[in-house]
Amino acid sequence: MASHSVVLGVGGGIAAYKAAELARALMEHGVEVNTVMTGAAQEFVRPLTFAALTGRKVITEMFGTGSSDEVLASSVEHIRVAQENQLLVVAPATADLLARFAHGLANDFLTTLYLAFQGPVVLAPAMNTAMWNHPATQANIETLRRRGHHVIEPDEGLLACGTTGPGRLPEPQRIGYFVWRILAQRHDLDGETILITAGPTREPLDPVRFISNRSSGKMGYSLAEAAALRGARVILVSGPVQIPAPDGVELMQVQTASEMRAAVMSRLAESDIIIKTAAVADYHVANIPRQKVKKTAMRLSLELDPTPDILAEVGAELSRSGSGQLLIGFAAETENVVAEAKRKLQAKHCDMVVANNVSADGTGFESDENEVVLALRTGEIIPLPRASKRALADQILDEALKLRLALHQGR
Ligand code: C5P
């Protein structure tokens, strides 16, 4: 018997045929698939396709059409299906389904099942770009994200309606892999909201030039991926980077330190854990020239002002409010790594500082690996040996949870 079983909810969109490939991808991961189709989905694909692929009954309606016994049995089936499966994945999630989920309507089997379902929910929306961008759809997505559901952003590309833009259902294999990894993970971050900053900032010098740094965003993106798979709702505030956002996280793209500050402050209150991985520029030009600076034979000097220290500001605010939110900073150092980490821990009122030596070969900025030392508010120093940033991300989250428990018990 398969160790995991999921409900695959299929909505009525052109991409419904791709749900059949998703069913196969899930089964290749050893997952049992129970398909539920909306009425509209059956206009696009026949239930028989899913029944044949999964070897299981496909649910297509709320009430059986046969004897009164059958009607009675089917009237509680949504509860049974909700209890017997570990995860609900809806692909394609149409604008209509998102709206009904967001507002708690229960007018067919899938939406009724959704209300009865208590495990993780993965939504893979697909629709026309204008429908996706519509404020009503975006507001529903926001509601569903806040509820802790994983939303896999639609891909951009040519759509069936002939337009180009976001709206395509991502590759079924990718959705299947995401679902499988959620099933395979421990769920110690369920119900938590984690705010992560990542990447560099860009501080303009004039309309065409900027100052930045070599941060790749890999550490922050690894933390975002790890946290999302462990069940957290992740808000990723990111400067410009070359890597894609992990599936299931909410991406807020920013350019400058002051934009990053505004994004962080606007989402601070709802966050249980705040991790500041970003390599925020320390200086910027306060009055950016409106026109491009011309080349001359003269020496040019730049006058730079400090940027707001977001971490210090958040630290001061959290320590004032005593809210119990956990604050984690990062420190990239080239010498006296532990001493500097301890100093920053105090100065910025953090609960943990993750320090790394960026002068070492093959670790730190741009590389896939890192070697860090954690300095904790309890006075503990924990060295984490060299490993991939993705593996370190899980270890940092492990230590963060242990620390939070210790701090709460010590209160
Ligand atoms: O002081 P330093 O820049 O080394 O501190 C690094 C930590 O502070 C990182 O967590 C970084 O994201 C944060 N930081 C910040 N705002 C700044 C500079 C750094 O939040 N302006």
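Owing to the predicted nature of the structure, the values given are computational and were not obtained by experimental measurement.
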*Do D206 and K292 meet the salt-bridge criterion of a basic N to acidic O distance under 4.0 Å?*
no
*When you check the gap from the basic side-chain N to the acidic O, do D351 and R404 get nearer than 4.0 Å?*
no
*With no hydrogens and no angle check, is any side-chain donor or acceptor of N213 less than 3.5 Å from a backbone partner on A279?*
yes
*NZ/K344: more than 12 non-hydrogen atoms of other groups inside 6.0 Å*: yes
*Would R181 and E225 pass as an ion pair if we require N to O under 4.0 Å?*
yes
*Flag the pair L97 / Y114 as yes when at least one side-chain heavy-atom distance between them is below 4.5 Å, and no otherwise.*
no
*Below 4.5 Å, heavy atoms only, C-beta onward: do L159 and W132 meet side chain to side chain?*
no
*Any chance you could lay out the side-chain contact (heavy atoms from CB on, under 4.5 Å) test for L251 and Y221, step after step, and finish with the verdict?*
CA-CA 10 Å; L251 180 66; Y221 278 53; 3.9 Å; yes
*Which of these passes side-chain contact (heavy atoms from CB on, under 4.5 Å) with I310: V280, I274, T201?*
V280
_Any side-chain to backbone donor/acceptor pair from E259 onto Q255? Under 3.5 Å, distance only._
yes
*asked:* Other residues, nucleotides and ligands only: do more than 12 of their heavy atoms fall within 6.0 Å of CD on Q253?
replied: no
*What closest approach, in Å, do L327 and G315 show between heavy atoms, and which atom pair accounts for it?*
CD2-CA, 3.4 Å
*Hey, does the side chain of T197 reach the backbone of A278 with a donor-acceptor pair shorter than 3.5 angstrom?*
yes
*Hey, are E142 and R233 close enough for a salt bridge, meaning a charged N less than 4.0 Å from a carboxylate O?*
no
_Using 0.5 Å steps for rounding, measure from the OG atom of S323 to the CG atom of L268._
7.5 Å
*Are the side chains of T111 and L105 in touch, meaning some heavy atoms are under 4.5 Å apart?*
no
*asked:* Quick one about Y17 and T49 (side-chain donor to acceptor, distance below 3.5 Å, no hydrogens or angles considered), yes or no?
replied: no
*Just by distance, do the side chain of H29 and the backbone of V31 share a donor-acceptor pair under 3.5 Å?*
no
*Do R230 and L401 have side chains that get closer than 4.5 Å, going by heavy atoms?*
yes
*Is the side chain of R390 donor-acceptor paired with the backbone N or O of D368 at a distance under 3.5 Å, no angle test?*
no
*asked:* I'd like to know if the side chain of T137 and the backbone of N133 have a donor-acceptor N/O pair within less than 3.5 Å.
replied: no
*Residue pair A116 / H78: nearest heavy atoms and the distance that separates them*: CB-O, 4.4 Å
_How close do T38 and G12 get, counting heavy atoms only, and between which atoms?_
OG1-N, 3.6 Å
*Determine, stepwise, if the pair H103 / N140 fulfils side-chain contact (heavy atoms from CB on, under 4.5 Å).*
CA-CA 8 Å; H103 296 278; N140 290 332; 3.1 Å; yes
*Heavy atoms, side chains only, cut-off 4.5 Å: are T54 and M27 in contact?*
yes
*Taking R56 for the side chain and E32 for the main chain, is one N or O donor matched with an acceptor at less than 3.5 Å?*
no
*Is a side-chain N or O of D272 found less than 3.5 angstrom from the main chain of T193, in a donor-acceptor match?*
yes
_Strictly distance-based, threshold 3.5 Å: is any side-chain N or O of S5 a donor or acceptor partner for the main-chain N or O of N34?_
no
_By salt bridge (Lys or Arg N to Asp or Glu O under 4.0 Å) - contacts of D247 (at least two apart)_ = R174
_Shortest non-hydrogen contact between A263 and V237, atoms and distance_ = CB-CG1, 3.8 Å
*Within 6.0 angstrom of N287 CG, more than 12 heavy atoms from elsewhere*: no
*Which is it for K348 and K276 under the side-chain contact (heavy atoms from CB on, under 4.5 Å) test, yes or no, and what are the steps along the way?*
CA-CA 12 Å; K348 303 197 186 198; K276 295 225 65 255; over 6 Å; no
*State, to 0.1 Å, how close A228 and V249 come at their nearest heavy-atom pair, and which atoms those are.*
CB-CG1, 3.9 Å
*asked:* Once salt bridge (Lys or Arg N to Asp or Glu O under 4.0 Å) is applied, do any residues pair with E21, and if so which ones, sequence neighbours excluded?
replied: none
_Using ring centroids (six-membered ring only for Trp), state whether F101 and H149 fall under 6.0 Å._
no
*asked:* Assess the residue pair F109 and E77 against the criterion (side-chain contact (heavy atoms from CB on, under 4.5 Å)); give the C-alpha distance rounded to whole Å, side-chain angles, the decisive distance to 0.1 Å, and a yes or no.
replied: CA-CA 9 Å; F109 193 95; E77 199 177 8; 4.0 Å; yes
_side-chain hydrogen bond (donor to acceptor under 3.5 Å, both in side chains) between S212 and R202, intermediate numbers included_ = CA-CA 5 Å; S212 191; R202 276 186 187 170; 5.0 Å; no
*For the residue pair V353 and K342, establish whether any side-chain heavy-atom pair is separated by less than 4.5 Å.*
no
*Under 3.5 Å, side chain of S271 to main-chain N/O of R267, donor-acceptor pair present?*
yes
*Above 12 or not: heavy atoms from other molecules or residues under 6.0 Å from CZ of R186?*
yes
*Between D108 and R100, is there a side-chain N and carboxylate O pair less than 4.0 Å apart?*
yes
*Over all heavy atoms of both residues, which pair between G11 and A16 is shortest? Give the atoms and the distance, please.*
O-CB, 3.7 Å
*Hey, are the side chains of Q395 and L392 touching, using non-hydrogen atoms and a 4.5 Å cut-off?*
yes
